[in-house]
Each structure stands twice: as structure tokens, then as C-alpha cells.
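Fair warning: this is a prediction, and the values are worked out from it, not measured in the lab. Protein chains get the first letters and strands the later ones, always in sequence-line order, with residue 1 at the start of each.
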Protein chains: 2
Amino acid sequence: MARMSSVDRRLELVSAALRVIAERGVAGATTRAIVAEAGMPLASFHYAFESRDEMMRELVGFVVENEAVAVFESFRFGADIRSSIHDALHAYLVAITDDPNHELVMLELMQYALRIPGLEHLAREQWVRYRVAVVELLEAAAANNGIEWSLPVDDIARIVVTFTDGITFAWLADRDLPGASRVIDFAADSLATLATPVRLKEHTA
Amino acid sequence: MARMSSVDRRLELVSAALRVIAERGVAGATTRAIVAEAGMPLASFHYAFESRDEMMRELVGFVVENEAVAVFESFRFGADIRSSIHDALHAYLVAITDDPNHELVMLELMQYALRIPGLEHLAREQWVRYRVAVVELLEAAAANNGIEWSLPVDDIARIVVTFTDGITFAWLADRDLPGASRVIDFAADSLATLATPVRLKEHTA
DNA sequence: GTCTATAAAGTGATAGAC
DNA sequence: GTCTATCACTTTATAGAC
């Protein structure tokens, strides 16, 4: 393997570690397994990182930074707020079922962070970022579908993430896709009741 | 330690292992840590169990069997269905916050089961048992508050568990109790819309 | 039966050759 | 700088003394 900058090698190792974790879990992410996945000799690991703990801290931080809710990025809104919510949740469900290991890794890393002293704040941060992403989506949906939210948008985002977490967890456990779809139907219905049509004083062409 | 039957020793070790897991996580539940917690010499472990894996299998099975949703057992219903749901969810939240490690252990064991080939069905089973417990509660609540459910009770139970899982997960991450309470308010409101007053042809005194 | 003492394998981390 | 070879330690599991 050609020479790489220190920062590249760190990234390469973190990336390899994430693949190993997806395959075998956090417990299976030994330094040997990671360097094997990255195609490096064992010593390269401690050339890039002080310790395995340091790498795991960087990995969790990396995930928190980069785990955008990409599901929603290319998302188009529906004709009304109910179908916008429904389609977004459905897109989320599809993303989960397409790559179950990904969500399992997120869950495992979150738990890992909750267990390691000094990393608890990263668990909180990751969860808050999800919520912030949902806030943006809720505001865009409101603008798009001409509604106002009857609760603080931050509270609604909390409800939405409660749904997505619950749906994720349930599907990971029982793999019942029609069941998950029925929950999404309910979620869309009940969230739509929090939307009220907005009276326009003026509107732009 | 006095002589104990084989079955008692197994139970003692499983119980000690659960305490160790609550304290240090699954990764910290080494055979040494477990026998130390149980006050036994190391060799006793393999006298009772073939291997650590066998003990972990029994432990997960034990939890699945015995993890009753005790929260709801001594639960009293409210005057209407909305407050019955609300109070039940609130009682659940109190139980979680009183003993955060307990839910963290359940989460961790579920993840463990999902990772270990041959144990996946136990993860599913544990989740289904929660749902069955909720079905019973929903039916009791319906009888008590004189309503009928407008969806199959099994689907509603799925929604309820989605809520409790999501609320649990969120609270473990961000420890925001007022936030969790607001989600519970919403959950009670939206679940109550699934209840319709029942017309009685006749009633018993 | 019970437990000390140890084996065998795997871990994170490094020294030292190139 | 890079990597082989190895250290020091921990893990599960067992042999063998009592």
C-alpha cells in the first residue's frame, strides 16, 4: 500500500473499523481485524492512533459528524402533509430494511458511547442531530404543504424520532415489514393532526 | 459457599452475570468477573456450564422468560381511556428512569442476541412477549373504560411498543424527562383516538 | 466434589531490524 | 517510515491435587 498521510491513514482505519463492526459487532473490532480489513500490517494501527480507545473515540465522533439522515436528502414532498409524512417515514423504513446492519451499527455505537465514561455526550449529540435534521424536514414540509404546526416543531421532531427509533427497533427484532407499514400509517395520521392550514395574507408567485 | 444443586448454581451464576452486565456491560461479563460477583472460584463456572457461550444462551433465555412487564402489574386504570393510557405510559417512564441500567441491559442483550447465530429468535421472542403483555393491558383497559378498539388490538399493541421503545431510547440518549412527558402526552392523545365508545345491549350488575 | 494452578489462544501495544 | 517479531496481559477452559 502506497504511503498515505497520517490523516488519510486514520480515516482509512476508521472506515475499515466501521466495516468490521457492521460484520462482527463492536466486540469483533479488534486491532488485528481492523488492520486486516484495511490491508495494513498491525503496527500501522499504532502508528496512526495512540491506542484502540483513541480510535474508537474518533470513530464515534466521525459517525456523529457524518451520519446525515441521507434518507431524507433527495426526498420529494407529497400533495398534502399527511402523505408527505407518510412517504418520508416509508423512505426511512426502506433505507433500514435495505441495510439492516447499518442501523444495528448505529444502535451498537450509541450503546458503546453510553457505556464509556467521557463518551456519553456523543450519544446525546448523535440523537440531537437526528432531531435537528427532522426539524428542518418538518419546516420544509410545512412550507411546502401550506400548513402550520400546532406544537413547537422541536417537540414534534421528538415525536417523529420516537417513531423512527421505535419502528427501527421493532423491525430489527421481528422483521415484520407489513407490521411496520401499519405503524407508519398510524404515525402519519396522528402527526397530520398536528398540522393546521395556514391563512395566507399574501403569497409570492 | 455451601454445596448447591447444579440447577441452583446455574441460576446463581446467571443472576450474578446479569448484575455484572448491568454494571459493566456484556463485554465486561467475563467468567472471572461473574464468579467473583457470585463469590465462587473460577472452576465452578465450568462445573455448572459447558462454556461461557452456553451460559449466555441460558441467560438470554432466562431474561426472555422472566422479564415480565412488571410495571403494569399493579396498575390501576383511569376514569377514561385517554388517562388510562397516559398513566400507564407514565408509570413505564418512571420505571425506566428509576433503573436506567435495567433497560440498557435489555437493549444490550437484544443486540447480543441479534448478533449471535441461533439466538436471533430469542430477540424476536422477547419483543413479541412485550407486545403480548400490552395486548392484555389494552383489552383490560377497553373493558374497564367501556370502549372498543377501532384497529386490531395486536396492531395497536405494536404501536404502543413502538412508542415505549422510542421513548426509552430517547431518554437513554438525552435524559430529557419533560421532553419524554410531552411525547407521552401526544401518545396518549393519539392512541385514544383509536378508542370508540361501546354500545351495550345489556350489562351485568 | 471442590479448587488451585496452569494451559492454550487471543488481545493491545512495542522494540528493533530494515 | 515501515513492518516483523515479540512482549505482557487477559481471556476461556482444564488438568490434577486434595
Please give, in whole Å, the distance from [N] [atom2] to [X] [atom1]?
{"X": "B/Tyr47", "N": "D/dG16", "atom1": "OH", "atom2": "C1'", "value": "16 Å"}
{"X": "A/Leu42", "N": "C/dT11", "atom1": "CG", "atom2": "P", "value": "10 Å"}
{"X": "A/Phe45", "N": "D/dC3", "atom1": "CZ", "atom2": "C1'", "value": "16 Å"}
{"X": "A/Met40", "N": "D/dC3", "atom1": "CE", "atom2": "P", "value": "9 Å"}
{"X": "B/Ile34", "N": "D/dT10", "atom1": "CD1", "atom2": "C1'", "value": "15 Å"}

A/Tyr92: ring-ring contact (aromatic ring centres under 6.0 Å, His included) partners, not counting sequence neighbours: none
Mind checking ring-ring contact (aromatic ring centres under 6.0 Å, His included) for B/Phe75 and listing every partner two or more places apart, or none if nothing turns up?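 Listed in chain order: B/Phe77.
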Results of side-chain contact (heavy atoms from CB on, under 4.5 Å) for B/Glu125 - residues two or more places apart only: B/Val64, B/His121, B/Leu122, B/Arg129
I want to verify a distance call: between C/dC3, C/dG12, D/dC3, whose nearest atom is closest to the A/Pro41 side chain?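 Within the option list, the nearest is D/dC3.
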Out of C/dG12, D/dT14, D/dT4, which nucleotide sits closest to the side chain of A/His46?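 Closest nucleotide to the A/His46 side chain: C/dG12.
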For residues 27-44 of chain A, the salt bridge (Lys or Arg N to Asp or Glu O under 4.0 Å) pairs (sequence neighbours left out) are A/Arg19-A/Glu37
Distance test, side-chain N/O of B/Arg9 to OP1/OP2 of C/dG1, below 4.0 Å: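 B/Arg9 to C/dG1 OP1/OP2: no side-chain N or O under 4.0 Å.
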Looking at A/Ser44, does any N or O in its side chain come under 4.0 Å of the phosphate oxygens OP1/OP2 on D/dC3?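 True: A/Ser44 side-chain N/O within range (under 4.0 Å) of D/dC3 OP1/OP2.
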List the atom pairs, with distances to 0.1 Å, where a side-chain N or O of residues 176-185 of chain A and a protein N or O form a donor-acceptor pair under 3.5 Å, not counting sequence neighbours.
unit_1   : atom_1 : unit_2   : atom_2 : d
A/Asp176 : OD1    : A/Gly179 : N      : 2.7
A/Asp176 : OD2    : B/Arg158 : NH2    : 2.9
A/Ser181 : OG     : A/Leu177 : O      : 3.3
A/Arg182 : NE     : B/Asp155 : OD1    : 3.0
A/Arg182 : NE     : B/Asp155 : OD2    : 2.9
A/Arg182 : NH2    : B/Asp155 : OD1    : 3.2
A/Asp185 : OD1    : A/His86  : NE2    : 2.7

Partners of B/Arg131 by side-chain hydrogen bond (donor to acceptor under 3.5 Å, both in side chains), sequence neighbours excluded? B/Asp154
Take atom CZ of B/Arg82 as the centre, draw a 6.0 Å sphere, and report whether it contains more than 12 heavy atoms from other residues, nucleotides or ligands.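 For B/Arg82, atom CZ is crowded (more than 12 foreign heavy atoms under 6.0 Å).
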Just grab all the side-chain hydrogen bond (donor to acceptor under 3.5 Å, both in side chains) pairs involving residues 40-55 of chain B, residues at least two apart or on different chains. B/Arg10-B/Glu54
Can you run down the side-chain hydrogen bond (donor to acceptor under 3.5 Å, both in side chains) pairs that involve residues 101-115 of chain A, sequence neighbours left out, and say none if there aren't any?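 Qualifying pairs: A/Glu67-A/His102, A/Glu108-B/Arg115, A/Arg115-B/Glu108.
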Judged by modelled atom types alone, do A/Thr168 and A/Asp165 share a side-chain donor-acceptor pair under 3.5 Å? no
Tell me which pairs pass ring-ring contact (aromatic ring centres under 6.0 Å, His included) where either residue lies in residues 50-71 of chain A, with sequence neighbours left out. none
Report the end-to-end axis angle of the helix from C/dG1-D/dC18 to C/dC18-D/dG1; each axis comes from five terminal pairs, and the value is rounded to 10°.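 Result, rounded to 10 degrees: 20°.
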Taking DNA chain C as the partner, which of residues 20-33 of chain A come within under 4.0 angstrom of it by heavy atom?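 By residue number: A/Thr30, A/Thr31, A/Arg32.
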Please list, by residue number, the residues of residues 50-60 of chain B whose heavy atoms come closer than 4.0 Å to an atom of DNA chain C; answer none if no residue qualifies.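 Residues of residues 50-60 of chain B that come under 4.0 Å of DNA chain C do not exist, since none gets that close.
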